[in-house]
2 protein chains.
Amino acid sequence: MTEKLTLNMNAYLPLRDVVFNTLREAILKGELKPGERLMELQLAARLGVSRTPIREAIRMLELEGLAVTIPRKGAQVAKMTEKDMEDVLQIRQALDELAVKLACDKITEQQLRQLKSAVRDFEESTRSRDVKKVAQADVAFHDAIYKAADNPKLMNLLNNLREQMYRYRVEYLKDETAYPTLIAEHREIYEGLLRRDKEAVAQAMVKHVMNQEIVVKNIIREQE
Amino acid sequence: MTEKLTLNMNAYLPLRDVVFNTLREAILKGELKPGERLMELQLAARLGVSRTPIREAIRMLELEGLAVTIPRKGAQVAKMTEKDMEDVLQIRQALDELAVKLACDKITEQQLRQLKSAVRDFEESTRSRDVKKVAQADVAFHDAIYKAADNPKLMNLLNNLREQMYRYRVEYLKDETAYPTLIAEHREIYEGLLRRDKEAVAQAMVKHVMNQEIVVKNIIREQE
DNA sequence: AAATCATAAAATGTATACAAAATACAGGAG
DNA sequence: CTCCTGTATTTTGTATACATTTTATGATTT
């Protein structure tokens with residue numbers, strides 16, 4: 001529990017949002033560890049604000065599944081067991097399949113071009129050896145598909161699910177031997193969308209998520 | 001905006017939770033209408049509490065998608081357009097399909113018996129002509145499947161999606177001519193699970209949700 | 001009559017104070 | 001030494017006060 005947290009003071013955004021973003025980042029980066037208590041007074045002192053915005057930010061973290069609070073006992077950073085991860089990945093698989101199927105019907109020519117360059121950017125990023133960059137490029141690829149699916153609620157859910165496994169995903173992307181497979185899968189998905197071959201893209205996406213599942217589960221097992 | 005709201009004072013539950021439940025009910029029952037502003041001071045006065053628990057309850061309503069807040073402008077009851085409803089139903093379809101497939105693998109003998117009686121209860125409820133009862137029995141049927149799927153996060157999501165269309169669902173269940181179809185579909189799903197025929201249950205469930213989609217969309221169109 | 005601006009009223013944002021509950025801790029009993 | 005138990009401390013829950021922003025009002029101008 002280091003003294004790292006600092007607010008990214010954006011004059012106008014309500015403090016609860018600034019605090020929320022700060023805590024969210026800290027949780028995703030692992031600075032606040034799973035199971036760690038989120039004590040209002042302490043956080044308030046560290047961030048130099050009152051308890052009010054802290055409390056509201058915590059309610060918002062619950063919304064994202066990043067914190068769990070027990071009445072009159074306080075909040076802690078959400079823990080994630082292997083089973084939890086399996087559960088999340090099952091859902092992601094179903095929703096990613098849905099997203100790519102919807103995208104198949106609705107994607108525009110322009111969005112196809114954007115997706116193509118996202119595929120290319122991802123390939124390039126893997127050559128940079130910068131895991132953070134790789135992760136970002138991967139997010140961009142999937143976001144392009146989500147946008148094409150034209151279902152904001154679905155996009156929201158998927159972003160949220162992705163966030164819940166962020167920490168493990170970063171670990172996952174450190175394994176450079178996986179890059180060729182990932183690149184190939186991205187290409188396959190892109191080409192399926194280009195041909196608007198719904199069955200093919202659905203299958204490719206399911207495979208893509210399934211591969212992640214296997215690796216991520218291994219990572220969790222190793223950690224224990 | 002009637003003076004209806006009253007707190008169900010449960011001595012121990014934090015006020016934010018009591019307020020949350022109260023407002024949630026009011027929104028689902030239609031006492032607080034889509035687009036209506038949720039003003040803290042006013043709600044606080046009506047419910048006889050301070051603004052603090054109101055504010056936290058509003059944050060929690062956002063979590064459920066029942067309220068939307070704009071910084072420095074306040075919260076309002078979430079509106080739902082036909083497109084929103086379509087989006088929700090697409091997601092529901094995918095996740096209900098997932099749930100029933102998972103249930104196919106995991107459902108126990110005991111849970112099968114419970115599901116059977118849920119099917120029977122639903123049939124009986126339709127004879128009662130009490131829409132509220134019918135809705136409850138329908139919820140019980142689906143919950144039995146969700147429980148069998150053994151994925152709490154999935155159950156959570158599905159309950160949440162169901163909640164978001166509660167008002168329309170009740171309208172939907174007022175149409176008695178739909179009952180025979182519903183009963184037949186429930187039976188079909190149950191029998192598929194009994195045979196553990198994954199393809200059959202998935203198909204039956206997709207059909208079931210699709211039928212709802214058609215009817216609910218008609219209802220929305222009529223309202224406009 | 002419509003538009004604009006100044007001012008007043010009301011609403012949200014934040015901090016703080018006090019109450020109630022949970023936790024930690026020390027001392028004593030067994 | 002372990003287990004209670006009661007007290008002190010910490011933490012959460014709630015109300016309230018004040019600051020800031022938004023919204024409403026109404027007079028004034030065109």
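In what follows, chains carry the letters A, B, and so on, assigned in the order in which the sequence lines appear, proteins first and then strands, with residues in each chain numbered from 1.
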Item to complete: Starting at the 5' end of nucleotides 15-25 of chain D, put B wherever the base has a protein heavy atom under 4.0 Å, S where only the sugar-phosphate does, and a dash everywhere else.
Response: BBB---SSS--

Fill in: Protein-nucleotide distance (Glu40(B), atom CD; dT14(C), atom P), rounded to Å
11 Å

Worksheet item: Ion pair present between Asp143(A) and Arg162(A), side-chain N to carboxylate O less than 4.0 angstrom?
Response: yes

Item to complete: Report which part of the nucleic acid Arg16(A) touches: base, sugar-phosphate, or nothing (heavy-atom distance under 4.0 Å, all strands).
Response: sugar-phosphate

Worksheet item: Rounding to a whole Å, what distance do you find between Ile54(B):CD1 and dT14(D):P?
Response: 11 Å

Worksheet item: Could you state the CG-P distance from Leu47(B) to dT14(D), rounded to the nearest angstrom?
Response: 13 Å

Discussion item. Rounding to an integer number of Å, can you tell me how far Met39(A) CE sits from dA22(C) C1'?
Written reply: 13 Å

Worksheet item: In whole angstroms, how far is the P atom of dT10(D) from the CG atom of Leu43(A)?
Response: 17 Å

Response to the item:
The side-chain contact (heavy atoms from CB on, under 4.5 Å) partners of Lys29(A) (sequence neighbours excluded) come to Glu25(A), Glu31(A)

Worksheet item: In chain order, what residues pass the salt bridge (Lys or Arg N to Asp or Glu O under 4.0 Å) check against Asp84(A), with sequence neighbours excluded?
Response: none

Worksheet item: Using a cut-off of 4.0 Å on non-hydrogen atoms, how would the nucleic acid contact of Leu38(B) be classed: base, sugar-phosphate, or nothing?
Response: sugar-phosphate

Side-chain donor/acceptor pairs under 3.5 Å, residues 61-71 of chain A, sequence neighbours excluded:
residue: Glu62(A); atom: OE2; partner: Arg59(A); partner atom: NE; Å: 2.9
residue: Glu64(A); atom: OE1; partner: Asn160(A); partner atom: ND2; Å: 3.3

Fill in: Gap between atoms CD and P, on Glu56(A) and dG13(C) respectively (whole Å)
7 Å

Practice prompt. Applying side-chain contact (heavy atoms from CB on, under 4.5 Å), name anything that partners Tyr172(B), two or more places apart in sequence or on another chain.
Written response: Leu182(B), Gln212(B), Val215(B), Val216(B), Ile219(B)

Practice prompt. Can you tell me the distance, in whole Å, between the CD1 atom of Ile58(A) and the C1' atom of dT11(D)?
Written response: 11 Å

Fill in: Test salt bridge (Lys or Arg N to Asp or Glu O under 4.0 Å) applied to Glu97(B) - qualifying residues, sequence neighbours left out
Lys101(B)

Discussion item. Rounded to whole Å, how long is the line connecting atom CD of Glu62(A) with atom C1' of dT12(D)?
Written reply: 13 Å

